[in-house]
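Comments concern the structure below.
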Amino acid sequence: MSPRCKVMDTLLKLSRAYIIQNRKGFRQMTKTEFTPPPNFIRNIVLDDMKSGRFGGRVLTRFPPEPNGYLHIGHAKSICLNFGLAAEFGGLCNFRFDDTNPSKEDVEYVESIMADVRWLGFDWGDRLYYASDYFNRLYQWAVQLIKAGKAYVDHLSADEIREYRGTLTAPGKESPYRNRTVAENLELFERMRAGEFVDGACVLRARIDMASPNLNLRDPVLYRIKKESHHRTGDRWCIYPMYDYAHGQSDSIEGITHSICTMEYEDHRPLYDWFLDELGIYHPRQIEFARLNLSYTVLSKRKLLKLVEEGYVAGWDDPRMPTLAGIRRRGYTPEAIRNFCERIGVGKAEGLVDVQFLEYCLREDLNRRALRVMGVLRPLRVVLENFPEGQVEELEAVNNPEDPAAGTRKIPFSRVLYLERDDFMEQPLPKFYRLAPGREVRLRYAFFIKCVGVVKDSTTGEVIELRCTYDPATRGGGAPDGRQVKATLHWVSADHAVEAEVRLYDRLFTKANPGEDKDGQDFRAFLNPKSLEVLKPCYLEPSLAQALPGTPYQFERMGYFCLDAKDSRPAALVFNRTATLRDAWAKSLNAGKKG
RNA sequence: UGGGGUGUCGCCAAGCGGUAAGGCACGGGUCUUUGGAACCCGCACUCGGAGGUUCGAAUCCUCCCACCCCAGCCA
């Protein structure tokens, strides 16, 4: 056992002991001391370290195909690969699996790199492209042909499918399967030279047409595509398939653990076959279950449909589960990394509740978001005994979770805006906010009492509240010890900055919209109320200087951020990242249900 | 009715023959100038099912059931 392994072993034992100790009743582990759950991949790596299988090395890789945007499911893989490498003092390569020019584009390689960087991972100069290996892959194909392990097949795509057989019936061999090596060599060279049209022939591995594993029934290695590749241009007209390219790319880079999702488990025998036949360095492929998140879809095909058919405003629509969307929505990289760590890694397919993601988000936002006040659905309030034209400067705490964040001054005057939901003319039983005759506290300001209600003469709608304030309660405390049951947020009408605020809800109404049972299309479950635009909203003056990328908590209303795309200095736009937990709203909903 | 996987609390998840961790959610309480946060308490006699081995089984064996993946010249 290497010294490094011994240290790790000890650390692991210590952390286990710590957990056990806690179980015995010490209960010292708080949320900030959270220890990530052990998982089978970590155990495999640990075993390989102990046995010296890869010389004590750990080199993982994150290999996206540049054919779309990254989403939260990719984040799990990114965190796993980079995280494991970091944990064991290894490295993680960033590789674009760009073997299919008809689907790929530089637009995607750029967005993917930006997303990974944003998530907080650094690949240094370890940036690779499968297309960089086209030459080597070609030579290896020639080697396989010479060994009688590959042949050029002229069967059409349809014929290949027919010859492949079915799940229960074995396939049959292609009439071209037993060509001579010399013939195959010449044909393959001519494929490369562009002498055949697309689809005229392919290079296939010669394995076993009767294998119960369909991947082993003479899989295609190369196909002809007379298309420009975003990196190699027109240098090639034959392109390797994933199965042929992936393992060898891993081998070239010296990857130790090639971590992929469960659907590749059936491909592992093929992954191993190529490496063994070629007699080259052999990484270990390990499969884990991909992430499924409730109330959204995580398939490129479905996400693309949402974008193309205009159900969302683009890949970075704040309702999308893409990293671009989530980022614009105001999610933090820390929250996502924490989420990925805490959901664990296993082989069992599950559906993680989006509420857990939101929990991780709030946990992070709560400790860093600056508190401000903003009224989303304004109700005008006039303080009858507050002198006209007078302005009080009140001191407010920027973040109660972080004293270092300091305080700020907020102007208070005769006309204010309060949240409409904070007033009820006929209050429900457990409602203890403002109502006629009732007194409440305005945060950091004064106690006010509702003495009158102004209604629209035709609709009967409440359009203004008349209140009085108690000057003795400045700052929010009553000298006589008088108590109030609610503290409301507010904004001074004369000083408020106007903004548009976008409220988001889950994109789908069904927990697992992608399930596709009974042929139900996922679009049938789109939530018609996933976006609500509020305008005008009135925010405290400090928000005029709001910065994109800075999380704010509008007190009592939730976490918000400036929309990096649509907001302008003269027309502010904020996105609601998440609501606050709301016991009152919950009791209302429970009441409805019960 | 071929092959490969997976089934532990509503959700995620430890556990690897010694008598069911933890988190989320949920319920109750303390505190509170955010009905936020924080803190405290509660929440699987039972591990897909049925047999078997064993002093002892979620862990080993047998059979059964359910769900997921594979028939791209996609990755």
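Each chain gets a letter, A, B and so on, in the order its sequence line appears, and its residues count up from 1. Please read all numbers here as calculations on a predicted model, not as lab measurements.
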Return the set of residues passing side chain to side chain contact (heavy atoms under 4.5 Å, CB included) with [X] (not counting sequence neighbours), or none when no residue passes.
{"X": "A/Arg420", "result": "A/Arg377, A/Leu379, A/Glu461, A/Val462"}
{"X": "A/Thr261", "result": "A/Glu263, A/Tyr264, A/Phe288, A/Arg290"}
{"X": "A/Leu304", "result": "A/Glu308, A/Trp315"}
{"X": "A/Val484", "result": "A/Glu439, A/Arg441, A/Phe447"}

Which part of the nucleic acid, if any, lies within reach of [X] when heavy atoms closer than 4.0 Å are counted: base, sugar-phosphate only, or nothing?
{"X": "A/Tyr222", "result": "nothing"}
{"X": "A/His489", "result": "nothing"}
{"X": "A/Arg164", "result": "sugar-phosphate"}
{"X": "A/Ala348", "result": "sugar-phosphate"}
{"X": "A/Leu167", "result": "base"}
{"X": "A/Lys430", "result": "base"}
{"X": "A/Asp582", "result": "sugar-phosphate"}
{"X": "A/Met241", "result": "sugar-phosphate"}
{"X": "A/Gly558", "result": "nothing"}
{"X": "A/Glu287", "result": "nothing"}
{"X": "A/Lys347", "result": "sugar-phosphate"}
{"X": "A/Ser156", "result": "base"}
{"X": "A/Tyr559", "result": "nothing"}
{"X": "A/Gly199", "result": "base"}

Could you tell me how far [M] sits from [N] if I compare only their [atom1] atoms? Round to whole Å.
{"N": "B/C24", "M": "B/A58", "atom1": "C1'", "result": "23 Å"}
{"N": "B/C9", "M": "B/A21", "atom1": "P", "result": "14 Å"}
{"N": "B/G22", "M": "B/G15", "atom1": "P", "result": "15 Å"}
{"N": "B/C67", "M": "B/G56", "atom1": "C1'", "result": "32 Å"}

Are any of [X]'s side-chain N or O atoms less than 4.0 Å away from OP1 or OP2 of [N]?
{"X": "A/Arg268", "N": "B/G4", "result": "no"}
{"X": "A/Arg301", "N": "B/C74", "result": "no"}
{"X": "A/Arg342", "N": "B/A13", "result": "no"}
{"X": "A/Lys225", "N": "B/C74", "result": "yes"}
{"X": "A/Arg556", "N": "B/U32", "result": "no"}
{"X": "A/Arg362", "N": "B/G36", "result": "no"}

Test item: A/Asp422 side-chain N/O and A/Arg433 main-chain N/O as donor-acceptor pair under 3.5 Å: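 A pair under 3.5 Å: no.
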Is it the case that [N] (base atoms only) and [X] (side chain only) share a donor and an acceptor within less than 3.5 Å, ignoring hydrogens and angles?
{"X": "A/Tyr432", "N": "B/G35", "answer": "yes"}
{"X": "A/Asn213", "N": "B/G4", "answer": "no"}
{"X": "A/Arg433", "N": "B/G35", "answer": "yes"}
{"X": "A/Tyr359", "N": "B/A25", "answer": "no"}

For RNA chain B, the residues among residues 202-210 of chain A that have a non-hydrogen atom under 4.0 Å from it: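 Hits under 4.0 Å, by residue number: A/Val202.
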Contact residues, residues 397-408 of chain A to RNA chain B [heavy atom, < 4.0 Å]: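 Under 4.0 Å from RNA chain B: A/Pro400, A/Glu401.
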Polar-atom pairs under 3.5 Å, protein N or O versus N or O of nucleotides 28-30 of chain B: list them with distances, or write none.
none

Side-chain H-bond candidate by donor/acceptor type, [X] with [Y], under 3.5 Å:
{"X": "A/Glu104", "Y": "A/Asn67", "result": "no"}
{"X": "A/Asp243", "Y": "A/His267", "result": "yes"}
{"X": "A/Asn399", "Y": "A/Glu401", "result": "no"}

Sequence neighbours excluded, which residues qualify as ring-ring contact (aromatic ring centres under 6.0 Å, His included) partners of [X]?
{"X": "A/Phe188", "answer": "A/Tyr138, A/Tyr222"}
{"X": "A/His246", "answer": "A/Tyr242"}
{"X": "A/Phe274", "answer": "A/Tyr244"}

Salt bridge present between A/Arg164 and A/Asp218 (N-O < 4.0 angstrom):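 So A/Arg164 does not pair with A/Asp218 through a salt bridge.
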Under a 3.5 Å cut-off for both contacts, is [N] paired Watson-Crick or G-U wobble with anything, and if yes, with which nucleotide?
{"N": "B/C31", "value": "none"}
{"N": "B/C43", "value": "none"}
{"N": "B/A21", "value": "none"}

As a test of reading the structure: which of [options] is closest to the side chain of [X], going by heavy atoms?
{"X": "A/Glu65", "options": "B/C16, B/C74, B/G2", "answer": "B/C74"}
{"X": "A/Phe356", "options": "B/G5, B/G23, B/U34", "answer": "B/G23"}
{"X": "A/Glu555", "options": "B/G15, B/U34, B/G27", "answer": "B/U34"}
{"X": "A/Asp266", "options": "B/G27, B/G3, B/A75", "answer": "B/G3"}
{"X": "A/Thr166", "options": "B/G3, B/G4, B/A71", "answer": "B/A71"}
{"X": "A/Gln553", "options": "B/U34, B/C16, B/G35", "answer": "B/U34"}
{"X": "A/Arg223", "options": "B/G2, B/G36, B/C74", "answer": "B/C74"}

Summary of side chain to side chain donor-acceptor pair (under 3.5 Å) pairs that have at least one residue in residues 196-214 of chain A, sequence neighbours excluded: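 The answer is A/Asp153-A/Arg204, A/Asn178-A/Arg206.
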Partners meeting salt bridge (charged side-chain N to carboxylate O under 4.0 Å, His left out) with A/Asp158 (sequence neighbours left out):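 Applying salt bridge (charged side-chain N to carboxylate O under 4.0 Å, His left out) to A/Asp158 gives A/Arg161.
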Parallel, tilted or perpendicular: ring planes of A/Phe446 versus A/Phe412, cut at 30 and 60 degrees: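 A/Phe446 vs A/Phe412 ring planes: tilted.
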Aromatic ring of A/Tyr242 stacked on base six-ring of B/A75, 5.5 Å, 30°: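 Check failed, A/Tyr242 does not stack on base of B/A75.
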Chi-based syn or anti call at B/G27, which uses purine or pyrimidine torsion atoms and a 90° bound: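 B/G27: anti glycosidic orientation.
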Candidate list A/Ile448, A/Val375, A/Val440, test side chain to side chain contact (heavy atoms under 4.5 Å, CB included), partner A/Leu418, passing option: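 Going through A/Ile448, A/Val375, A/Val440 one by one, the side chain to side chain contact (heavy atoms under 4.5 Å, CB included) with A/Leu418 is satisfied by A/Ile448 alone.
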